[in-house]
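All values reported here derive from a predicted model rather than from experimental measurement.
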Amino acid sequence: MSVQERKQRERAGRERLIVATARELAEQQGWDAVTTRRLAERIEYSQPVLYSHFRGKREIIGAVALQGATEMAAAVRAATSAADGTRARVTALARAYLDFAARHPAVYDALFQLDGGLAYAQEDTPEPLKDAFAALLECLGEVAGDGVDPGLFTEVFWASLHGVATLTRAGRLPVEEGVSRVELLVDRLAVI
């Protein structure tokens, strides 16, 4: 292994450590607790080293969001592939999405609530974000209904899930009605 390859590997390892530490701190204490000073202390590197990887908190949030998008896409695909039948797949998708949002609130915020400097629904949208949407579209496209654009339907279904996730987390919707909410959403929106 060349010196340059070793340095690249070490740099990638530091970036993974920064992102993992930021994510852990955000999940434990919220994103307000994630500062470059605190991250530098936790990873035992100086702030200039941290800034050599990320220009600031915004880019770190973006890196967490991209990691989260990959994980969410995998969770949705795993749930839908294990389900038998169209209705079961759509229900599994909704449950996997809502479960991801509940289990990883800081990552969910990085993806959809905070400014991570990422472009959504544009030509320059990063691949992990496109793939997360594709994971939804793969299942939801088949239940959009005749004459309905599958992409548009997926956006509306996703927006509904996002609303449920956000309102439930904020305590505005009772958690115990979660299953009924998913069933109603599937019944009313999906053409099965």
Side-chain angles (χ1 to χ4, degrees), residues 4 7-77 93 96-138 140 149-170 172:
Q4 184 176 359
K7 285 183 179 185
Q8 286 174 343
R9 190 180 75 229
E10 288 172 357
R11 180 174 176 79
R14 278 192 307 272
E15 283 186 14
R16 283 191 302 275
L17 178 62
I18 292 166
V19 171
T21 304
R23 182 176 172 167
E24 177 184 320
L25 187 57
E27 291 289 4
Q28 291 171 353
Q29 300 176 28
W31 278 105
D32 287 342
V34 179
T35 64
T36 54
R37 182 183 56 80
R38 196 175 264 169
L39 282 174
E41 288 172 3
R42 283 212 175 184
I43 64 172
E44 298 179 348
Y45 283 102
S46 68
Q47 281 184 296
V49 169
L50 194 134
Y51 282 115
S52 74
H53 292 274
F54 298 98
R55 284 180 272 188
K57 183 176 176 176
R58 182 178 187 217
E59 283 190 4
I60 294 168
I61 290 169
V64 170
L66 294 177
Q67 187 180 73
T70 299
E71 293 170 10
M72 187 174 70
V76 166
R77 285 187 174 112
L93 177 146
Y97 182 96
L98 294 171
D99 182 57
F100 183 88
R103 284 186 301 111
H104 307 287
V107 174
Y108 192 81
D109 285 349
L111 269 164
F112 302 119
Q113 306 288 83
L114 302 174
D115 179 10
L118 303 172
Y120 285 78
Q122 298 174 17
E123 287 296 318
D124 60 340
T125 298
E127 283 306 314
L129 299 178
K130 288 180 181 178
D131 188 53
F133 185 78
L136 300 175
L137 180 62
E138 289 162 9
L140 296 173
D149 175 78
L152 183 62
F153 176 79
T154 300
E155 289 173 354
V156 170
F157 200 95
W158 168 34
S160 299
L161 290 173
H162 176 68
V164 169
T166 303
L167 292 170
T168 302
R169 187 165 139 211
R172 306 252 184 331

* To do: Any chance you could lay out the side chain to side chain contact (heavy atoms under 4.5 Å, CB included) test for Leu98 and Val164, step after step, and finish with the verdict?
  => CA-CA 8 Å; Leu98 294 171; Val164 169; 3.9 Å; yes
* Asked: Would the number of heavy atoms belonging to other residues, nucleotides or ligands and lying under 6.0 Å from CD of Glu44 be above 12?
  -> no
* To do: Keeping the roles fixed (side chain from Thr154, backbone from Leu140), state whether a donor-acceptor pair exists under 3.5 Å.
  => no
* Main-chain N/O of Ala102 paired with Arg169 side-chain donor or acceptor, under 3.5 Å -> no
* To do: State whether the number of non-hydrogen atoms from other residues, nucleotides or ligands found under 6.0 Å of Gln4 atom CD is greater than 12.
  => no
* Which heavy atom in Ala132 sits nearest to a heavy atom in Ala69, and how many Å separate them? -> CB-O, 3.8 Å
* Got a salt bridge between Glu24 and Arg38, using NZ or NE/NH1/NH2 to carboxylate O under 4.0 Å? -> no
* Structure fact -> So CG of Leu118 and CG of Leu66: to nearest 0.5 Å the spacing works out to 5.0 Å
* To do: Compare all side-chain heavy atoms of Val34 with those of Arg42 and state whether any distance is below 4.5 angstrom.
  => no
* **Main-chain N/O of Lys7 paired with Arg9 side-chain donor or acceptor, under 3.5 Å** => no
* To do: Determine, stepwise, if the pair Phe133 / Glu138 fulfils side chain to side chain contact (heavy atoms under 4.5 Å, CB included).
  => CA-CA 9 Å; Phe133 185 78; Glu138 289 162 9; over 6 Å; no
* Separation of Thr70 OG1 from Asp131 CG (nearest 0.5 Å) -> 7.0 Å
* **Distance (rounded to the nearest 0.5 Å) between Ile60 CD1 and Thr21 OG1** => 9.5 Å
* Could you go step by step and tell me if His162 and Tyr108 meet the ring pair (Phe, Tyr, Trp, His ring centres under 6.0 Å) rule? -> CA-CA 10 Å; His162 176 68; Tyr108 192 81; 5.5 Å; yes
* To do: Enter the distance from Ile43:CD1 to Leu25:CG here, rounded to the nearest 0.5 Å.
  => 11.5 Å
* To do: Give a yes or no on whether the ring-centroid distance for His104 and Phe100 is below 6.0 angstrom.
  => yes
* Side chains of Gln67 and Val107: does their closest heavy-atom pair fall under 4.5 Å? -> no
* salt bridge (charged side-chain N to carboxylate O under 4.0 Å, His left out) evaluation trace for Glu10 with Arg16 -> CA-CA 10 Å; Glu10 288 172 357; Arg16 283 191 302 275; over 6 Å; no
* Partners meeting ring-ring contact (aromatic ring centres under 6.0 Å, His included) with His53 (sequence neighbours left out) -> none
* To do: Give the minimum heavy-atom separation between Thr125 and Ala119, together with the two atoms involved.
  => OG1-O, 3.0 Å
* Is the number of heavy atoms from other residues, nucleotides or ligands under 6.0 Å of Asp149 CG greater than 12? -> yes
* To do: Taking atom types as modelled, find out whether Gln47 and Arg37 have a side-chain donor-acceptor pair closer than 3.5 angstrom.
  => no
* So how far is it from Leu136 CG to Met72 CE, rounded to the nearest 0.5 Å? -> 6.0 Å
* To do: Tell me, with the steps shown, if Gln122 and Lys130 meet side chain to side chain contact (heavy atoms under 4.5 Å, CB included).
  => CA-CA 9 Å; Gln122 298 174 17; Lys130 288 180 181 178; over 6 Å; no
* For residues Val19 and Ala63, report the shortest heavy-atom separation together with the two atoms involved. => CG2-CB, 3.6 Å
* Asked: What is the distance from atom NZ of Lys57 to atom CD of Glu59, rounded to the nearest 0.5 Å?
  -> 14.0 Å
* **pair Trp31-Val64: side-chain heavy atoms closer than 4.5 Å** => yes
* To do: Answer yes or no: is there a side-chain heavy-atom contact under 4.5 Å between Leu93 and Leu161?
  => yes
* **Student check: side-chain heavy atoms of Phe54 and Glu15 closer than 4.5 Å** => yes
* pair Asp115-Ile61: side-chain heavy atoms closer than 4.5 Å -> no
* **Proximity of Trp158 and Phe153 rings by center, below 6.0 Å** => no
* Which atom names give the shortest non-hydrogen contact between Ser46 and Ala40, and what distance separates them? -> C-CB, 4.0 Å
* Are any non-hydrogen side-chain atoms of Arg14 and Arg11 less than 4.5 angstrom apart? -> yes
